Protein chains: 2
Amino acid sequence: MTAPLHKAHPAGPGRALPDTQQGMRRRNLARVMHTVSAEGPLSRAAVASRIGLTRAAVSTLVDELIRCGLLEELGPERPGRVGRGRPGSALAVSGHGPAGIGAEIGVDHLAVCAVDLRGEIRARVVRQGTNRDRSPEPVIEELTGLVRRVVAEVAREGLWPAGLAVAVPGLVARDARTVVRAPNLGWHDTDLGSLLPAELPLTVDNEANFGALAELWLGEGTPRDFVHVSAEIGIGAGVVVDGRLLRGTRGFAGELGHVPVRPDGPECACGGRGCLEQYAGEEAVLRAAGLAPGEDRVGLLAGRATEGDEDVRRALRDAGEALGVALTGAVNLLDPESVVLGGALAGLAPWLLPSLRSELARRTAGPACPVSVSGLGPEGPLLGAAHWVVRGVLDDPAGVAEVGVRG
Amino acid sequence: MTAPLHKAHPAGPGRALPDTQQGMRRRNLARVMHTVSAEGPLSRAAVASRIGLTRAAVSTLVDELIRCGLLEELGPERPGRVGRGRPGSALAVSGHGPAGIGAEIGVDHLAVCAVDLRGEIRARVVRQGTNRDRSPEPVIEELTGLVRRVVAEVAREGLWPAGLAVAVPGLVARDARTVVRAPNLGWHDTDLGSLLPAELPLTVDNEANFGALAELWLGEGTPRDFVHVSAEIGIGAGVVVDGRLLRGTRGFAGELGHVPVRPDGPECACGGRGCLEQYAGEEAVLRAAGLAPGEDRVGLLAGRATEGDEDVRRALRDAGEALGVALTGAVNLLDPESVVLGGALAGLAPWLLPSLRSELARRTAGPACPVSVSGLGPEGPLLGAAHWVVRGVLDDPAGVAEVGVRG
DNA sequence: ACTATTTCGTCATGGCCGTTTACAAATTAG
DNA sequence: CTAATTTGTAAACGGCCATGACGAAATAGT
């Protein structure tokens, strides 16, 4: 009798961890870090009023964070003090503590960078050259070399790596280690965790996802609910809901490229017909524009379009229209605050946007969802990866401090 | 210098509330309630081991919950004790404390029910009769009468109402009070909060959303990531991500009915062309089947299909195909663990499913997303609404106890 | 039947953590 | 130069969970 009528729901209220006093302290440490990180140099009193704790409590939290090297005292707060009382002592996130290492495996390049807690890029290495159809081992080996170089470089400035995040052009399993399918690299079911050095906590994710996160964290005026569309070769989207990335059960969410645009359209490699990629994918656009694939395909398209090449412009207009149809579906389903075009699409936006926007507006009752262009350029995914690690530190300073005190 | 390089993110780590000891206590009270609710009668020791606190701590939490009338002691735990030691005292959620009042404004009926913390339906009233194009005031007045009757009925059993949740067939703003657009009722921008009695905390939401929540909370084997598709007159979907309902910026998420299926298809009231509703909406299906709209349209379709009416079967097959196309888009975007057909679609599933499934499978690389049929019947949204209130109590027992001690 | 063992619920104690209260230090307004 | 204001810290306080011990209630083994 009185059998379980409500099903268990693991998420429950708050987190699944026992809500003990230590957990409380950890969360408050995180709140201090986030506040200082987000709102620049701040006095203890300012932090206290922002997070709703007392000055006394914040004092002890700050002391602990300073001892761990995550926060720094800049000295008496000079700038813009208007009030009358004693000036506070400015606190800032440390520029000599942990660093996030971001890496990107592109079809045509490898890149690694290091970002400190302040969000500053402290080192960056890029190696040009195609990785198409190279087997994973040599690529990862090369990447490992670049990572070591970057780590060594920032170590000279007193930074130590808190983790490594790798952006790949393909689907990544929810374990955040295994590349399930990366068509343009020719990789499938590859466990990068076993190939990369185990010293650093590793996160692997789709480049579209990291691009979306970069937009969320670094974009100007980006809301907490948006769809970030990017294209390298395929078309991927990062869906951000309430400030959190939507991953899906298997980690495959955001596959905008295979949303059906015309159910009876041309066949697609995915098995479907008339997928968005058949209209707005790089290959399809090049073909429609009468161009051959080669190096710097996006630059080529942009160049020709600027020169006034009608074939290219028409191809891009049609691609924008197809994007508009697919995004209408996405907008109806998700009701985001905006759609952001990033990656290669950002560079082609001038020719894509008009048809995309009009298609979206035409199909929407009421005000259409605004479409904007990312200002982050092609480095979005790389920055997103590095910042992923940084966010991890901000989200649980106590966790890394354990490891990092003697880093 | 050192300007805010990271943007503020209000969600931050955990909630925005200050993480004080009182908050910790409140969350632990909630954890106890959830655990007992989800896993039936449990001893204090069993609860303690499940939520990771000590027996002593749980004892005090339980005492407090019993004093508030939210938990009941059933006496020595008899059933299935296998171990050797002293038997525990079984705890169960109270059947005499707060109750959730759920209401549904359908096109053809009004319904109100009361559900206790155990999930048991303790009272229910239904009034048949169309509400199409009736103005809001008399409808809400009638609904208020039904609510009062239900509240009075359960009050005789010692239950007091903890809140009221109303399911409506239309779009609801994020304030959870205002019906922005309900085409089948002819309502727009109607603030139900000002029409309903203010005594009870009110939540208004789309019936598709409440249907999805009912599926999440009550469905057998329903995962934490799924898309729940339902149709009354329009086609709506409730998207559940990680056990949480996706609402969208304006609260309009899940508008599956206006996902484009054929970009050049027939015009739709939304301004678009070839929306799903033009192929799988009730009106469209009836027309395709050569039937006139009237009472119990779903029953009519199901009856004719069972009898073997080829026109009706074809119409449903085509509708299933269109649903398959639209859902392919949704599945690619969201990567849910499953798709669940509810509401009117559940009754028509035998004829919709084959074409829907094959379309979805054909367009998917790898294993297709499984499609199942809800077992909740047409009462899903009503139950979801009532349980919404119940969940609110479980999520913050301290909050309602303040109000309810002398309820 | 009796004892040893196991498990449950509770109580007293202790430690952790944010709050409250008080105060010295540092700056501005007049 | 004084009054007012604000900051940061220290001491006392109170709430909350952990720890450890204990009596109670059942079972297993002899």
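Chain A is the first sequence line, chain B the second, and so forth, proteins listed ahead of strands; every chain is numbered from 1. Please read all numbers here as calculations on a predicted model, not as lab measurements. What you see below is based on every heavy atom in this structure, not just the backbone, and it leaves out hydrogens, waters and symmetry mates.
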query: Which residues satisfy the side chain to side chain donor-acceptor pair (under 3.5 Å) test with A:D225, sequence neighbours excluded?
result: none

- prompt: Who passes side chain to side chain donor-acceptor pair (under 3.5 Å) against A:T35, sequence neighbours left out?
  reply: none

message: In this structure, how many angstroms lie between the P atom of C:dC17 and the CG atom of A:D19, rounded?
response: 14 Å

- prompt: Do any side-chain nitrogens or oxygens of B:N28 fall under 4.0 Å of OP1 or OP2 in D:dC17?
  reply: yes

- request: Please report how far the helix from C:dA1-D:dT30 to C:dG30-D:dC1 bends, comparing the axis fitted to its first five pairs with the axis fitted to its last five, to the nearest 10 degrees.
  value: 10°

query: Between C:dT19 and A:T54, is there an OP1 or OP2 to side-chain N/O distance shorter than 4.0 Å?
result: yes

Spacing between A:R27 atom CZ and C:dG18 atom P, to the nearest angstrom: 10 Å

- request: Taking only Lys NZ, Arg NE, NH1 and NH2, and the carboxylate oxygens of Asp or Glu, determine whether A:E157 and A:R122 approach each other closer than 4.0 Å.
  value: yes

field: Interatomic distance where CD1 belongs to B:I66 and C1' belongs to C:dG9 [whole Å]
entry: 12 Å

query: Between B:M24 (CE) and D:dG15 (P), how many Å, whole number?
result: 13 Å

Could you run down the sub-3.5 Å N/O contacts of the protein with nucleotides 13-16 of chain C?
unit_1	atom_1	unit_2	atom_2	d
C:dG15	N2	A:Q21	NE2	3.2
C:dC16	O2	A:Q21	OE1	2.5

- prompt: side chain to side chain donor-acceptor pair (under 3.5 Å) with A:E64: which residues, sequence neighbours excluded?
  reply: A:R25

task: Nearest whole angstrom, please: distance from the C1' of D:dA25 to the CZ of B:R84.
output: 15 Å

field: Ion pair B:D395/B:R27, N-O distance below 4.0 Å
entry: no

task: Can you sort out the partners of A:V151 under side-chain contact (heavy atoms from CB on, under 4.5 Å), two or more places apart, ordered by chain and number?
output: A:I101, A:V147, A:P161

- prompt: What string of B, S and - do you get for nucleotides 8-13 of chain D 5' to 3' if you count protein non-hydrogen atoms under 4.0 Å?
  reply: BBB---

task: Kindly write out the residues that satisfy salt bridge (charged side-chain N to carboxylate O under 4.0 Å, His left out) with A:E153, not counting sequence neighbours, or none if the list is empty.
output: none

- prompt: Does A:T54 have any side chain to side chain donor-acceptor pair (under 3.5 Å) partners at least two apart in sequence or in another chain, and if so, which?
  reply: none

Those residues that, when tested against A:R50, pass salt bridge (charged side-chain N to carboxylate O under 4.0 Å, His left out) (two or more places apart): A:E39

- prompt: Excluding sequence neighbours, so at least two apart, what forms side-chain contact (heavy atoms from CB on, under 4.5 Å) with B:A48?
  reply: B:R55, B:V58

With A:P201 via side-chain contact (heavy atoms from CB on, under 4.5 Å) - residues at least two apart: none

